[in-house]
Trainee: 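Okay, handing you the structure first.
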Amino acid sequence: MNQQAGLTYEAAGVSITSGDESVERIKALARSTFGQSVLKDIGLFGGFFELDLTRYRRPVLVSSIDGVGTKLKIACALGMYESVGEDLVNHSVNDVMTSGADPLFFLDYLATGKLHPPVVEQVVAGMARACRKAGCALIGGETAEMPGFYQPDEFDLAGAIVGVVEKDQIIDGHTIQEGDVLIGIASNGLHTNGYSLARKVLLEVAGMKLTDYVEELGSTLGEELLRVHRSYQPLVQRVRTWAGLRGIAHITGGGIVGNTRRLLPAGRSLRVNWGAWEIPAIFSLIQRLGRVADEEMRNVFNLGIGEVLIVDRAAAQDCMTAAAEVGFASFHIGEVL
């Protein structure tokens with residue numbers, strides 16, 4: 001090979017040294033999520049998870065993959081990165097648990113124009129914290145340095161999760177009937193959806209700054225927009241085996257109707273009582289400043305409802321009591337038609 005001095009990978013914008021440093025920084029964080037089922041440390045070409053088949057009769061694996069969206073723009077602008085790691089895991093845990101599954105393991109992907117190991121460490125610290133709470137192992141991931149593809153000091157983040165559920169305990173909405181009740185479980189803000197519209201309205205149209213203290217929010221705008229996406233795992237664990245539970249919808253992009261409708265058998269529809277709960281101030285602020293129509297708000301945002309449980313009428317009050325016992329406000333927000 002030609003031994004003359006010339007261009008290097010680092011000169012092209014990719015630092016293998018930074019990649020190696022990032023891995024060393026996050027190894028201990030990942031190990032903190034391991035249980036006996038994780039067989040190998042991170043750093044190999046794949047993650048190893050041994051499923052304990054003695055615990056299940058007919059195990060079915062449930063998988064999901066998602067990202068944090070343009071909420072990352074807020075985190076990068078403020079230099080606050082741990083919350084988006086938690087967002088990613090909690091969002092994913094909520095998704096697989098709509099089927100009644102327990103999360104088993106999680107893998108992440110972080111891509112950036114220039115790799116900053118301390119930033120990677122902060123993001124993974126948030127993931128690890130959320131994984132520990134969920135009983136989910138962070139068994140691997142990938143960091144990609146892609147100069148010229150991403151804006152300076154910004155990154156993209158995605159994650160994949162695998163869970164397990166007994167085949168005869170899968171929750172998929174097939175038993176939903178006319179007259180069933182929609183129990184809405186409160187969100188704590190935007191969670192991880194609608195940020196492109198929120199940023200357009202608040203930062204561009206209204207000219208607000210993330211550091212502005214907003215009286216009606218009771219916090220700075222940045223603090224409000226970085227509230228961690230709630231995990232509904234404690235509630236789902238309580239109610240998933242109830243005979244009266246028909247379906248669970250995680251309210252993400254598409255809003256309450258768009259996500260809940262995915263569960264309905266043919267011929268069924270929803271009636272939502274939009275006055276059944278108080279819409280949090282952040283949504284009212286976005287609607288007012290952007291003059292956003294009601295229908296658009298309902299299609300884009302969760303509007304204060306992060307999860308919907310579809311239950312028979314006899315189970316409705318017990319469901320709301322269970323939600324209160326694990327710290328969630330709940331509301332009877334509609335019915336199945």
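Since the structure is predicted, the reported quantities are computational estimates derived from the model, not experimental observations.
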Trainee: Treating Ile, Leu, Val, Met, Phe, Trp and Tyr as nodes and any side-chain heavy-atom pair under 4.5 angstrom as an edge, say whether L264 and V257 lie in one connected cluster.
Mentor: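 Yes: a chain of side-chain contacts under 4.5 Å links L264 to V257.
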
Trainee: Ignoring hydrogens and angles, tell me if any N or O in the side chain of T112 forms a donor-acceptor pair with the backbone of E145 under 3.5 Å.
Mentor: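 A pair under 3.5 Å: no.
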
Trainee: When hydrophobic residues are tied together by side-chain contacts of less than 4.5 Å, even through go-betweens, does V326 share a cluster with V93?
Mentor: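 As far as the 4.5 Å side-chain criterion goes, V93 and V326 are connected within one cluster.
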
Trainee: What I'd like to find out is whether the side chain of I333 reaches to under 4.5 Å of the side chain of I256, using heavy atoms alone.
Mentor: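 Counting from C-beta outward, I333 and I256 do come under 4.5 Å.
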
Trainee: If you count every heavy atom of other residues, nucleotides or ligands that lies below 6.0 Å from Q36 atom CD, does the total exceed 12?
Mentor: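 Check fails, neighbour count at 12 or below.
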
Trainee: Are the side chain of W277 and the backbone of L303 linked by a donor-acceptor contact shorter than 3.5 Å?
Mentor: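 Indeed, once roles are kept as given, a pair shorter than 3.5 Å links the two residues.
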
Trainee: Using side-chain contact (heavy atoms from CB on, under 4.5 Å), reason through L110 and E142 one step at a time and then give a plain yes or no.
Mentor: CA-CA 6 Å; L110 188 152; E142 168 72 359; over 6 Å; no

Trainee: Apply side-chain contact (heavy atoms from CB on, under 4.5 Å) to the pair F105 and T33, showing each step before the final yes or no.
Mentor: CA-CA 9 Å; F105 57 87; T33 71; over 6 Å; no

Trainee: Mind checking whether S219 and V214 have side chains closer than 4.5 Å, heavy atoms only?
Mentor: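 SC-SC contact between S219 and V214 ruled out.
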
Trainee: Would L138 and V124 satisfy side-chain contact (heavy atoms from CB on, under 4.5 Å), going step by step from the backbone distance to the final call?
Mentor: CA-CA 9 Å; L138 177 59; V124 176; 3.9 Å; yes

Trainee: With a 4.5 Å heavy-atom cut-off, do L39 and F49 have their side chains touching?
Mentor: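 Heavy-atom side-chain distance check fails, nothing below 4.5 Å.
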
Trainee: Is the shortest heavy-atom distance from the side chain of V120 to the side chain of H116 under 4.5 Å?
Mentor: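 When only atoms from C-beta onward are counted, H116 and V120 do not touch, as no gap falls below 4.5 Å.
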
Trainee: I want to check something: taking the side chain as every heavy atom from C-beta on, are E224 and L285 in contact at a cut-off of under 4.5 Å?
Mentor: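 No, side chains not in contact.
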
Trainee: Mark yes or no for whether S99, through its side chain, and A101, through its backbone, hold a donor-acceptor pair below 3.5 Å.
Mentor: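 Such a contact is absent between S99 side chain and A101 backbone.
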
Trainee: Around F149, counting heavy atoms of other residues, nucleotides and ligands shown, do more than 12 lie under 6.0 Å from its CZ?
Mentor: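 For F149, atom CZ is not crowded (no more than 12 foreign heavy atoms under 6.0 Å).
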
Trainee: Under 4.0 Å between a Lys/Arg side-chain N and an Asp/Glu carboxylate O for D41 and R31?
Mentor: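 Salt bridge between D41 and R31, a charged N being under 4.0 Å from a carboxylate O: yes.
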
Trainee: Go through the steps to decide whether T252 and N193 satisfy the test side chain to side chain donor-acceptor pair (under 3.5 Å), and finish with yes or no.
Mentor: CA-CA 6 Å; T252 55; N193 292 99; 4.6 Å; no

Trainee: Starting at OG1 of T54, measure out to OH of Y56 and round the result to the nearest 0.5 Å.
Mentor: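 The distance works out to 9.0 Å.
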
Trainee: Do L289 and L221 belong together in a cluster built from hydrophobic side chains that touch within less than 4.5 Å?
Mentor: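 L289 clusters together with L221.
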
Trainee: How long is the gap from CG on D108 to OG on S92, to the nearest 0.5 Å?
Mentor: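 If we round to the nearest 0.5 Å, D108:CG and S92:OG are 10.5 Å apart.
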
Trainee: Does L225 offer a backbone N or O that forms a donor-acceptor pair with the side chain of Y195 under 3.5 Å?
Mentor: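 Side chain of Y195 to backbone of L225, a donor-acceptor pair under 3.5 Å: yes, one is there.
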
Trainee: Counting only heavy atoms not in R288, do more than 12 sit closer than 6.0 Å to its CZ atom?
Mentor: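 Yes, CZ of R288 has more than 12 neighbouring heavy atoms, counting only those of other groups under 6.0 Å.
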
Trainee: What distance do R129 atom CZ and L29 atom CG have between them, rounded to the nearest 0.5 Å?
Mentor: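 R129 CZ to L29 CG: 10.0 Å, rounded to 0.5 Å.
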
Trainee: Do Y150 and F155 have ring centres separated by under 6.0 Å?
Mentor: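 Judged by ring-centre distance (under 6.0 Å), Y150 and F155 do not meet the cut-off.
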
Trainee: Can you give each donor-acceptor pair under 3.5 Å made by side-chain atoms of residues 157-171, sequence neighbours left out, with the distance rounded to 0.1 Å?
Mentor:
{"unit_1": "E166", "atom_1": "OE1", "unit_2": "R57", "atom_2": "N", "d": "3.2"}
{"unit_1": "E166", "atom_1": "OE1", "unit_2": "R58", "atom_2": "N", "d": "2.9"}
{"unit_1": "E166", "atom_1": "OE2", "unit_2": "R57", "atom_2": "N", "d": "2.9"}
{"unit_1": "D168", "atom_1": "OD1", "unit_2": "R57", "atom_2": "NH2", "d": "3.2"}
{"unit_1": "D168", "atom_1": "OD2", "unit_2": "R57", "atom_2": "NH1", "d": "3.2"}
{"unit_1": "D168", "atom_1": "OD2", "unit_2": "R57", "atom_2": "NH2", "d": "3.3"}

Trainee: Work out which heavy atom in Y81 is nearest to a heavy atom in A75; give both atom names and the distance.
Mentor: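 Closest heavy-atom pair between Y81 and A75: CE2-O, 3.9 Å.
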
Trainee: Please check this pair: side chain of Q233 against backbone of A134, looking for a donor-acceptor N/O pair closer than 3.5 Å.
Mentor: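 Between the backbone of A134 and the side chain of Q233 there is a qualifying donor-acceptor contact (under 3.5 Å).
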
Trainee: Which heavy atom of A276 sits nearest to which heavy atom of F331, and what is that distance?
Mentor: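 In this case the closest contact between A276 and F331 is O-CD2, 3.9 Å.
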
Trainee: State plainly whether one hydrophobic cluster holds both Y213 and L226, where clusters connect Ile, Leu, Val, Met, Phe, Trp and Tyr through side-chain heavy atoms under 4.5 angstrom apart.
Mentor: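 Unlinked, Y213 and L226 end up in two clusters.
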
Trainee: Which heavy atom of A111 sits nearest to which heavy atom of M146, and what is that distance?
Mentor: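 Between these two residues, the closest heavy atoms are CB-SD, 4.1 Å.
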
Trainee: Got I305 and I185 here, is their nearest side-chain heavy-atom distance under 4.5 Å?
Mentor: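 Of all side-chain heavy-atom pairs linking I185 with I305, none is under 4.5 Å.
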
Trainee: Indicate yes or no: at least one non-hydrogen side-chain atom of F283 is less than 4.5 angstrom from one of N302.
Mentor: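 Yes. Closest side-chain heavy atoms under 4.5 Å.
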
Trainee: If I compare all heavy atoms of G189 with all of I282, which pair ends up nearest, and what's the gap?
Mentor: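 Scanning both residues completely, I find the closest heavy atoms to be CA-CG2, 4.5 Å.
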
Trainee: Taking all heavy atoms of N259 and all of G254, pick out the closest pair and write down the distance.
Mentor: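 Heavy atoms only, the tightest pair is ND2-C, 3.8 Å.
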
Trainee: Please test R132 against S32 for side chain to side chain donor-acceptor pair (under 3.5 Å), starting from the C-alpha separation and ending with a verdict.
Mentor: CA-CA 7 Å; R132 289 193 298 270; S32 72; 2.7 Å; yes

Trainee: Mind checking whether H229 and H250 have ring centres under 6.0 Å apart?
Mentor: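 Yes, the ring of H229 comes within the 6.0 Å limit of the ring of H250, centre to centre.
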
Trainee: From M80 CE over to E82 CD, what is the distance, rounded to the nearest 0.5 angstrom?
Mentor: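 If we round to the nearest 0.5 Å, M80:CE and E82:CD are 9.5 Å apart.
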
Trainee: Heavy atoms only: give me the nearest L235-A322 pair and the separation to one decimal.
Mentor: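 So the two residues come closest at CD1-C, 3.9 Å.
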
Trainee: Quick one: does S37's side chain have a donor or acceptor within less than 3.5 Å of a partner on E50's backbone?
Mentor: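 Yes, the answer is positive, given that a donor and an acceptor are paired below the 3.5 Å cut-off.
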
Trainee: Could you state whether V84 and L115 fall into the same hydrophobic cluster, counting links through intermediate Ile, Leu, Val, Met, Phe, Trp or Tyr residues with side-chain heavy atoms under 4.5 angstrom apart?
Mentor: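 Yes, because V84 and L115 connect within a single hydrophobic cluster, where side-chain heavy atoms sit under 4.5 Å apart.
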
Trainee: Ignoring hydrogens and angles, write down the donor-acceptor pairs under 3.5 Å from the side chains of residues 307-318, residues two or more places apart or on other chains.
Mentor:
{"unit_1": "D312", "atom_1": "OD1", "unit_2": "A314", "atom_2": "N", "d": "3.3"}
{"unit_1": "D312", "atom_1": "OD1", "unit_2": "A315", "atom_2": "N", "d": "2.9"}
{"unit_1": "R313", "atom_1": "NE", "unit_2": "G179", "atom_2": "O", "d": "3.1"}

Trainee: If you measure from CZ on R227 to OG on S187, what distance do you get to the nearest 0.5 Å?
Mentor: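 Rounded to the nearest 0.5 Å, the CZ-OG separation comes to 10.5 Å.
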
Trainee: Under 3.5 Å, is there a donor-acceptor pair between the T192 and D87 side chains?
Mentor: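 There is no such pair (donor and acceptor under 3.5 Å, judged by atom type) between the side chains of T192 and D87.
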
Trainee: Which atom pairs, donor and acceptor, lie under 3.5 Å between side-chain atoms of residues 198-211 and protein residues at least two apart or in another chain?
Mentor:
{"unit_1": "K200", "atom_1": "NZ", "unit_2": "E204", "atom_2": "OE1", "d": "3.1"}

Trainee: Where do M97 and Y232 land on the side-chain contact (heavy atoms from CB on, under 4.5 Å) test, with the steps shown first?
Mentor: CA-CA 9 Å; M97 292 202 75; Y232 295 100; over 6 Å; no

Trainee: Step by step, work out the side chain to side chain donor-acceptor pair (under 3.5 Å) result for S196 and T70.
Mentor: CA-CA 6 Å; S196 293; T70 60; 3.2 Å; yes

Trainee: Is R240 salt-bridged to D102, cutoff N-O under 4.0 Å?
Mentor: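 Yes, charged N to carboxylate O under 4.0 Å.
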
Trainee: So how far is it from R261 CZ to L263 CG, rounded to the nearest 0.5 Å?
Mentor: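 Rounded to the nearest 0.5 Å, the CZ-CG separation comes to 11.5 Å.
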
Trainee: Any sub-3.5 Å donor-acceptor pair from S231's side-chain atoms to N90's backbone N or O?
Mentor: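 No, the answer is negative, given that no donor and acceptor are paired below the 3.5 Å cut-off.
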
Trainee: Side-chain contact, heavy-atom cut-off 4.5 Å: F48 with V38?
Mentor: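 F48 does not reach V38 side chain to side chain.
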
Trainee: Side chain of R298, backbone of W274: donor and acceptor closer than 3.5 Å?
Mentor: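 Side chain of R298 to backbone of W274, a donor-acceptor pair under 3.5 Å: no, none is there.
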
